[in-house]
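Every heavy atom of this structure was used, including side-chain atoms; hydrogens, water molecules and symmetry mates were not. Convention: sequence-line order gives letters A, B, ...; per-chain numbering from 1.
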2 protein chains.
Amino acid sequence: MAKDRKIDLVILGLLFHEDLTGYDIKKRIDGAISFFWKGSFGNIYPALSDMEKSGLVKKRRSETEGRREKILYHITDKGTDTLKDWLNAKQATNDLKYETLLKLYFGGAQDKDTALRNIGYFEEQVRADLAVLRTYKETLEKVLDRKDHVYYYLTVTFGIDTYEAYLKWCRGAKKTLNIMC
Amino acid sequence: MAKDRKIDLVILGLLFHEDLTGYDIKKRIDGAISFFWKGSFGNIYPALSDMEKSGLVKKRRSETEGRREKILYHITDKGTDTLKDWLNAKQATNDLKYETLLKLYFGGAQDKDTALRNIGYFEEQVRADLAVLRTYKETLEKVLDRKDHVYYYLTVTFGIDTYEAYLKWCRGAKKTLNIMC
DNA sequence: CGACAATATATCGTTTTGATGTATCTGTTT
DNA sequence: AAACAGATACATCAAAACGATATATTGTCG
């Protein structure tokens, strides 16, 4: 136990490419990654200091004379091994928490219009997210010659494909509700 | 704060239809709901006793002479109001945690075959879940005359539609990886 | 130069997760 | 009727995640 902390792998994955501060890590997670994983200061900073103690990362003070010192983190060989072991492992948990579907499931406690409204809110959100994902896709398409970018690209197309499926479902669900309820 | 506990709403939603024990609630959540929300004894039992204190649910001892007493929970008027207020509120958090996509995103730290293998594992899992969802759908289609079942049905079709999109994406992603990496 | 946003680190209370512990009840087999 | 497996039922705990907040510095723009 105490080895199940998923945020560790997110951090190691990011540090594999470049040295980062805790704040940088949060920003990276808030970008394209946030569509399939989230992080907060409340778990990033504790994870960094734990991983430093167990030798997965090392601190590197930035040498910016005059200005305040930042704590840059750097991945160690041990950290790289941990990252690769995780990538090689079969185990992968895909956990979903759709409050929208929860509300729909219990929709019988209210009227049809409430359910329709909630589907509408969801649709709104999906459309907005989809627009962001599409700009990510366009940007990435221009730089697919770099291997890493292919991996990023695939996670973006995953988002686009599923979000498009959501929108299609929304149309059908509204129709079904209007006919059946 | 201390009002953001989502498990409360899941429990209230279930109790709206019938009185249940904590154990029953866990079983219900492990069924069709588990595709979009999860629960554990570790949050169900504390939630039940907190909600009893704040008057959202009431204990009802089962009168089964001889046998062990079960603690059945019953929703109160206050609990029903809380449930309806939540259904009427716009706010709905849809949180995804795809370890599969996380591994894919950081795939550059390993070779193409590892990424392909991980997509394969995901595909396997999705196929299995899809089969379960399809039997749910068939069962529900026979009883769509009851209003509640329409709501259950829609959450199931959501699952089927998105899982089918996943499978389509898997095929495309494997092709892209083989061409580009 | 004063106001305000962004950077940067850190902590705190609440909630969730996942595993485990304990005991009882039920159905089946011999 | 005894033995046993497996389901039922309630409960707790450590670890992890979440979300908000505190604090201070640096950058920028009118």
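Salt bridge K168(B)/E164(B): absent, no basic N to carboxylate O contact under 4.0 Å.
There is no side-chain donor-acceptor pair under 3.5 Å between D77(B) and T80(B).
One interatomic measurement links the two molecules: CG of D95(A) to P of dA16(D), which rounds to 16 Å at whole-angstrom precision. Rounded to a whole Å, the NZ atom of K6(B) is 16 Å from the C1' atom of dT17(C). We find that CD of E52(B) is positioned 14 Å from C1' of dC10(D), with the value rounded to whole Å. Remark: C1' of dC10(D) and CD1 of I11(B) are 14 Å apart, rounded to the nearest angstrom. Counting to the nearest Å, the P atom of dT17(C) and the CG atom of L96(A) are 12 Å from each other. In this structure, I7(B) places its CD1 atom 19 Å from P of dT14(C), rounding to the nearest Å. Rounding to whole angstrom units, CG of residue D50(A) and C1' of dA17(D) are separated by 14 Å. One atom, CD1 of I44(A), and another, P of dA20(D), lie 15 Å apart when rounded to the nearest Å.
Separation of the F36(A) and F158(A) ring centroids does not fall under the 6.0 Å cut-off. In summary, the aromatic rings of Y166(B) and F122(B) are positioned with their centroids under 6.0 Å apart.
Using a 4.5 Å heavy-atom cutoff, the side chains of N118(B) and L104(B) are not in contact. Using a 4.5 Å cut-off on side-chain heavy atoms (C-beta onward), I33(A) and L14(A) make contact.
Using a 4.0 Å heavy-atom cutoff across all strands shown, K26(A) reaches no nucleic acid atom at all.
When the side-chain nitrogen and oxygen atoms of K97(A) are compared with OP1 and OP2 of dT17(C), one or more of them lie within a distance under 4.0 Å.
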Give me, pair by pair, the N or O atoms of the protein and of nucleotides 7-11 of chain C that are less than 3.5 Å apart, along with how far apart they are.
residue, atom, partner, partner atom, Å
dT7(C), O2, R68(A), NH2, 3.2
dA8(C), OP1, K70(A), NZ, 3.0
dT9(C), OP1, I71(A), N, 2.6
dT9(C), OP1, I71(A), O, 3.4
dT9(C), OP2, T21(A), OG1, 3.4
dT9(C), OP2, G22(A), N, 3.3
dT9(C), OP2, Y23(A), N, 3.4
dT9(C), OP2, Y45(A), OH, 3.4
dT11(C), O4, G42(A), N, 3.4

